[in-house]
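What follows is a set of notes on a single structure, which appears directly below.
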Amino acid sequence: MKSVFPTFKARGTVSNIVVLLALVSVFSLSSARPIVRNVRTHDEFERLIKHHKEVTGLPVVVDFFSDGCGPCRMIAPYYKQLAKQYKDRAVFAKVDVNRNRETSGWARIRSMPTFQFYVNGKKKHQFSGADQNQLQQYTEKFAREAEKNNVRITAEALKEFYEKHAPEKATEENLAKVMEKAGGESGGPGHRKLAVALEKKYGEPPITEKRSTQKAETKQRAEKKKESDAQADSGKPNLHLASMEELLKEIDQRKEQAAEKEFEQAEEADGDADEEDENERLFKPWVGDEYSERLAIIGGGPAGLSAAIYAARSGLNPVVVAPPAGGQLQGKGVMVENYPAVLDSTGPEVVFEMMKQAAKYGTTFHDEEAVEVDLVNKIIKTNSSTLKAQSIVIATGADSRWLDVEGEQELRGGGVSACATCDGYLFKDQHVIVIGGGDTAMEEALHLARTSSKVTLIHRRDSFRASRVLATRVHENPKIEIMWNTSVTKFVGKVPVQTEDDDSLEDPQPELTHVVLRSAGESDDFELECSGAFIAIGHDPNTKLFKTQLDMADNGYIHVLPFSTKTSLEGVFAAGDVADSVYRQAITSAGTGAMAALDAERWLAEMGLEDERAKAEEEFMKELMEDIEQDDEAKQAILQQDECDD
């Protein structure tokens, strides 16, 4: 991130520096802090950790993410929801690894998303992956720990306690030593331990107060500002008479004051003043009721979103049930070059435009993963809700296939990945390997070659099965080296040397150091050092939820009728990679998504299934009009009777 402060040459220095001092004051203004704080610089990160260590004692949860990372997008809405839930119990921040490389490098991030938990300035835990359960579990754990330590014994309270129980220890010197041993006057774990020890020894604890009260924070900031102003007034030079050294020193001081003021304003801002995102207003969340949806689409990739666009334009008001990950296309950081009318756009950008188009015509989104599906009764369950539909389109796509060799599982998140777009930038200027020989492997290698110092492409055969265009680009790239007829037999890593900030870290993540390889026809293994390994050996269809409910091939792909998306169950349709073991392209997935929406529309019409919600509204309006007509007739009869009486 470039500095907002201009740099001046030597000539005109005094006048220019005076202007710069004025600019420093202007840039000290800050906007309100969102629920999830976007940490843009490492200095801001350090201030955040330090502030909540010394002032509030609240745990800090940090999400290291990237806009091109599908799992990062998937977990983001839940992370924001969790931040609102724990608003007064924990602090939530996010770090874009592409923009704040200093912090992500310092934190040794090797996979995204990675979540780190800080308590009292110490990193206590971290994990990689979009795991909602772990995120909830550790947030609650450290929030409770922080609540126990939210204790402060004031100097006055400590003095009163000793005067009552041990007058000989109520001296200023002893009180200062006890307070210093407890970690200072700011409170925290040391004060809680002190209170427990004193209660055990004397039968009752000293009077305590909460350390992170608004009153305490305001008082501390006021005292800090008063002290800072006093120091500034005492040593402030006359700018027009100051030397160059004094002017430069004044600039540094004002920059520091501006940064401190900006941080404090952000901390004091109302957390409910979360920035309204125009896209959030466009994407309407699904709100369930007692009525069945006309069409539910399970999956949010090109197939599911194409089905949503067609169904929405047909008036079916479809619901897309899927985390906002965008399928495989979401993970393609290279330009999408084989999708008609799409030029100079990456996979995430294409998916986002599809979502906007679907939302524009009335699609609603339920940003949760389907965990249980009853296809016969058309019932879809997520972790928090149950949705009933009249028809279903299955567009759950496929997941990356893994090697299942030693060390692979343990090093996921520590250098072993299946998404170069998500994690590739973390290995800038380092040696990485890619395993595979198809289009996905070529795309991963080309993407990594942009930032890594060297890419070794490992393939078990003597030729690629990838398209000619991509294979040619790989061959011509000077940063990519190919190892033919070679397989990976083992991933090896070690836990890095821990720093002072990591000394209390639970279950530290080992990091990849090298891979063990074996050439075809050979019995001896050899090693290859690398920092990252990206596996691109194909995908398996996501059809486990539907096993025993639908006719499938042995490899898990759903059988559909020829020239159709109809499955073996009435009212259930399949689109995209779940039913395509041959082409598996974004464009073919989108095409079958459109087919599925059209098939569903025809099936609903043939079955005579009406819109339950619209029918209920129609009946309600009919009853309302009948009541109004009856009231009008009754009033008319009363008027006529009154006329007769007159």
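Just so you know, these numbers use all the heavy atoms, side chains as well, and skip hydrogens, waters and symmetry mates. If you read the sequence from its start, that first residue is 1, and numbering goes on from there.
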Taking only Lys NZ, Arg NE, NH1 and NH2, and the carboxylate oxygens of Asp or Glu, determine whether Glu353 and Lys356 approach each other closer than 4.0 Å. yes

How far does NZ of Lys94 sit from CG of Asn38, to the nearest 0.5 angstrom? 5.0 Å

When you compare the side chain of Val60 with that of Leu48, does any pair of heavy atoms fall below 4.5 Å? yes

Between Lys80 and Val36 the two heavy atoms that sit nearest each other are CA-CG2, 4.1 Å

To the nearest 0.5 Å, what is the distance between CZ (Phe127) and CG (Leu135)? 5.0 Å

Main chain of Ala130, side chain of Gln134: is a donor-acceptor contact present, judged purely on distance under 3.5 Å? no

Could you give the distance from OH (Tyr425) to CZ (Arg99), rounded to the nearest 0.5 Å? 10.5 Å

Could you check His559 against Leu550 for side chain to side chain contact (heavy atoms under 4.5 Å, CB included), going step by step and ending with a plain yes or no? CA-CA 8 Å; His559 283 148; Leu550 294 174; over 6 Å; no

Is there a donor-acceptor contact under 3.5 Å from the side chain of Ser306 to the main chain of Ala590? yes

If you look at every heavy atom in Val371 and Leu545, which pair is closest and at what distance? O-CD2, 3.2 Å

To the nearest 0.5 Å, atom CG of Asn98 lies from atom CG of Leu426 at 8.0 Å

Using a 3.5 Å distance criterion without hydrogens, assess whether the side chain of Thr567 forms a donor-acceptor pair with backbone atoms of Val572. yes

Taking atom types as modelled and ignoring hydrogens, do the side chains of Ser385 and Glu368 form a donor-acceptor contact shorter than 3.5 angstrom? no

Is the NZ or CZ atom of Arg613 both under 6.0 Å from the centre of the six-membered ring of Tyr291 and within 45° of that ring's axis? no

Can you check whether Pro59's main-chain N or O pairs, donor with acceptor, with Lys124's side chain at less than 3.5 Å? no

I'd like to know whether OH of Tyr310 has more than 12 heavy-atom contacts from other residues, nucleotides or ligands below 6.0 angstrom. no

List the residues meeting salt bridge (charged side-chain N to carboxylate O under 4.0 Å, His left out) with Arg89, not counting sequence neighbours, and say none if there are none. Glu140, Glu147

Hydrogens and angles aside, do Ser314 and Glu601 bring a side-chain donor and acceptor to less than 3.5 Å of each other? yes

Could you grab the distance from atom CG of Leu58 to atom CZ of Phe92, nearest 0.5 Å is fine? 10.5 Å

Between Thr592 and Thr565, do the side chains contain a donor N or O and an acceptor N or O under 3.5 Å apart? no

Regarding Tyr78 and Gln136, is there a side-chain donor-to-acceptor distance under 3.5 Å anywhere? yes

With no hydrogens and no angle check, is any side-chain donor or acceptor of Ser568 less than 3.5 Å from a backbone partner on Asp551? yes

Is it the case that the side chain of Ser66 and the backbone of Val97 share a donor-acceptor pair, with hydrogens and angles ignored and the cut-off at 3.5 Å? no

Test item: Thr103 side-chain N/O and Asn100 main-chain N/O as donor-acceptor pair under 3.5 Å: no

Can you find a heavy atom in the side chain of Phe65 that is under 4.5 Å from one in the side chain of Val95? no

Verify, without hydrogens or angle tests, whether Glu606 (side chain) and Leu604 (backbone) share a donor-acceptor contact under 3.5 angstrom. no

Could you tell me whether the side chain of Asp611 and the main chain of Ala614 form a donor-acceptor pair under 3.5 Å? yes

In plain terms, say whether Lys378 and Glu293 are close enough for a salt bridge, that is, a side-chain N and a carboxylate O under 4.0 Å apart. no

Once side-chain contact (heavy atoms from CB on, under 4.5 Å) is applied, do any residues pair with Val469, and if so which ones, sequence neighbours excluded? Arg473

Quick one: do Asp540 and Arg401 make a salt bridge, cutoff under 4.0 Å? yes

Any residue meeting ring-ring contact (aromatic ring centres under 6.0 Å, His included) with Tyr557, in chain and number order, not counting sequence neighbours: none

Check whether Asp96 reaches the backbone of Arg40 with its side chain - one donor and one acceptor, N or O, closer than 3.5 Å. no

Between the side chains of Asp423 and Ser417, does any donor sit under 3.5 Å from an acceptor? yes

Given the side-chain rings of Phe115 and Tyr79, with only the six-membered ring counted for Trp, is the space between their centroids under 6.0 Å? yes

Given side chain to side chain contact (heavy atoms under 4.5 Å, CB included), test Gln585 with Tyr339 step by step and report yes or no. CA-CA 9 Å; Gln585 300 295 308; Tyr339 199 100; over 6 Å; no

If you look at every heavy atom in Ala322 and Gly300, which pair is closest and at what distance? CB-N, 3.5 Å

Heavy-atom side-chain contact between Val62 and Phe45 under 4.5 Å: yes

